[in-house]
Structures are given as C-alpha cells and as structure tokens.
Protein chains: 2
Amino acid sequence: MKLLDIIDGTPIRYGYRIAFLTNFYREPLLRRMELEHGIIRPEWTVLICLSFRDGLNPRDICEITEQPRNTVSRAVTSLTRKGLIVPAADPADARRKVLRITEAGRAAYERIMPMFVEGERKLMACLTERERGDLDRLLDKLCRAVPGWVGG
Amino acid sequence: MKLLDIIDGTPIRYGYRIAFLTNFYREPLLRRMELEHGIIRPEWTVLICLSFRDGLNPRDICEITEQPRNTVSRAVTSLTRKGLIVPAADPADARRKVLRITEAGRAAYERIMPMFVEGERKLMACLTERERGDLDRLLDKLCRAVPGWVGG
DNA sequence: CAAAAAATGTTCCATATGGAGCGATCTGCG
DNA sequence: CGCAGATCGCTCCATATGGAACATTTTTTG
C-alpha cells in the first residue's frame, strides 16, 4: 500500500499528486544537500537568488521566496559565516544590506545544482519529448495564474 | 520580483515549478488548518489514510505517507487524545496497534477536506477541460514512475 | 528449541521553522 | 523641521520535525 493507491479515493487528485511529486523530488535532495554539502533549504534559496541576480537585499529574497524574514536573516548569517556570501551596507538605506555571492558561493552553487538537475532528469525520464512540451505549457499556465488567487 | 521571474534562469524548470505550485497550494492550507481546526500535517495525513481505509497500523501509515515512525507515533497520540481516532491492540501481533477513526474523526475530515478541494479548484481554474485531461494523464504517468527511481 | 535478527512503536535529543515583538531607520504629512 | 507610521533586519520563544537509540514482540536460523 502506497500513497499512490489512495489517490483515487481522495477528492483532491491534482493537488495530491503535485504535492506527491514535490515530496519525492525535492525532499530527498534537500536532505542529501544538507548531509553532503552542509547547506540547508533557506541557505539554498538565498544562493539561488543571488546566483540569478547579485546584490539583492534580504527583503527582496523574502519577497521572491515567500520565506519569513527571520528565516532569511538566519540564512544570511550562516552563509556569511561560511564565506559563501558577503553582506555590505546599502548606501541608499542604512537599514538594508546588499548581499553579494562570493566565488566560494558560486562554486557551492555549481557543485549542488547538478544534484537537482539529475533529480529532475529522473523525474521527467518517463515522459516523451512531446509530453514534456505539454507539461511545460501547463505548468507555465498554472504558475502564472497563482498570483491571481493566492492570499485570497 | 517574484520566484516566477527567476524560473527561466534556473536549469530545473520543471522541478522548480512543481515545487512552486505545491508551496502555494498546500502550505497556506496546512497553516489555515492548524489555525482553524487545530490539526497539523501529520495528523491530517493519518486522518486521510484512515478515512480511506479504517483499521490501518501506524506502520502502514508510515509506508503510505513516507513519514518517519516517530512523526506518525506522535500524530496517533494526539489524535487519540482529541478523540478523533481510537487505537486498539492487534490480536495478531502484540507490537501493533489497530487504528480506527471515530465519528468525530470523520466529522473533522468532512469539515477540513472542502478547504483543500476549494484550494485545488482555485489552482486549476486557469485550465480548460481539455488541459485538465492532459494534466491528469501527465501527472498519472509521472507519479507511477516515481517508485522506479526514488531511493536510487 | 534457543539464540540471533528483524519489526514495531515510543522516547530522547538536536535542530529547523515561523510568529511576535524589538531597535534602528526611513517616509509622509503637517 | 518634527512627529506618526511604515519598513527593515534581528532576536526571543514556542513548536514541529527527523535521526538514533530503546524496550518489546515476532520471525528467522542453526
């Protein structure tokens, strides 16, 4: 008996399976990341953000990742201690910090990301090219619609 | 700037968006459930399992939900204290408990589940009937393939 | 049949997480 | 300018979570 077997017995078939996939794709990788690289989820999300756009504030990262401020604050502290990012004063606003990813930070990102890429490859291996295209389009539509209903 | 905006900058487009949808669909509902009904995630998964098939053991629930044993153990204890389930001795194996959902437990399930159904409705509202059919088929394929690669 | 190994559920402990509130700073309005 | 209110990041605290070890019971093995 597995979670899959009770999906047909629940009235939330879509939500259930999407959460199911997330559980099996993401959670094991997050645990491996912590074990093998000593990086935990909030730290990882900060690295991803800064890797995409350097010089963000903690506040920006809260907004992007929807994480609470204290969670981001802790991640910034620990990443700084590890030398993966460097916080600087924001000349325009003394309350803010400008966060910059270091070389070591980029290296950590480049070391960890392939793990998630490989996980995604396994996840998607069962689909044909055409099916991936369909899924891509559907996910895009679903994600773009989120801001319209979330919070309400 | 939102998470959506950096999706194109990441090499894990599918995994990212699936996790994104889970975050916005499930997490707010779990928080509301705790606030309004005093039920937390592990308790909810136990209720779902027993609602689908009464008389399961904690061990079965661990297997179905992939939750650690101590988490399920705690959920069983608290649900019992709340009168939502009743544990009995398993005559076939003295180590095991047979868990049965109570009337109050079923009532709680019937009260909470509509919240998740409504959340799913919002999530899926952007898709046409045809697109839902496509997504249904794709999710089915993805989920069925999970046991083949998970853990490896 | 006896001892080793596995299974089941619990407890202990370390840590991750989020809410609330704090001090410092900035903004808007008179 | 001066003050009320908003914003930013941090700390405190309560709780959720998972790993490891434990006692009890069952299964396997010699």
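Chain letters run A, B, ... following the sequence lines, proteins first and then strands; every chain starts at 1. Values below: every heavy atom of this structure, side chains too, minus hydrogens, waters and symmetry copies.
One N or O donor and one acceptor, one from the side chain of A:R74 and one from the base of C:dG18, sit under 3.5 Å apart. Interface remark: the B:N70 side chain does form a donor-acceptor pair with the D:dG19 base, using a distance-only criterion of under 3.5 Å.
A close approach under 4.0 Å does not occur between any side-chain nitrogen or oxygen of A:T71 and OP1 or OP2 of C:dT17. Of the side-chain N and O atoms in A:S73, one or more sit less than 4.0 angstrom from OP1 or OP2 of D:dC10. Phosphate contact (OP1/OP2 of D:dT24, side-chain N/O of B:R95, threshold under 4.0 Å): absent.
Distance, A:R69 CZ to D:dT7 C1': 8 Å, rounded to whole Å. Rounded to an integer number of Å, the gap from A:N57 CG to C:dC26 P is 13 Å. Rounded to an integer number of Å, the gap from B:I61 CD1 to C:dG9 C1' is 12 Å. Rounded to whole angstrom, the span from the CG atom of B:D93 across to the C1' atom of D:dT27 amounts to 10 Å. Computed from coordinates, the A:L30 CG to D:dG18 P distance equals 12 Å when rounded to whole Å. The CD atom of B:E66 sits 12 Å away from the P atom of D:dG19 (whole-angstrom rounding).
Annotation: the span from A:H37 atom NE2 to A:L84 atom CG amounts to 12.0 Å, rounded to 0.5 Å.
You'll find that the side chain of B:E34 is closest to D:dA16, out of C:dA16, D:dG9, D:dA16. Nearest to the side chain of B:I40, among D:dT17, C:dG9, D:dG9, sits D:dT17.
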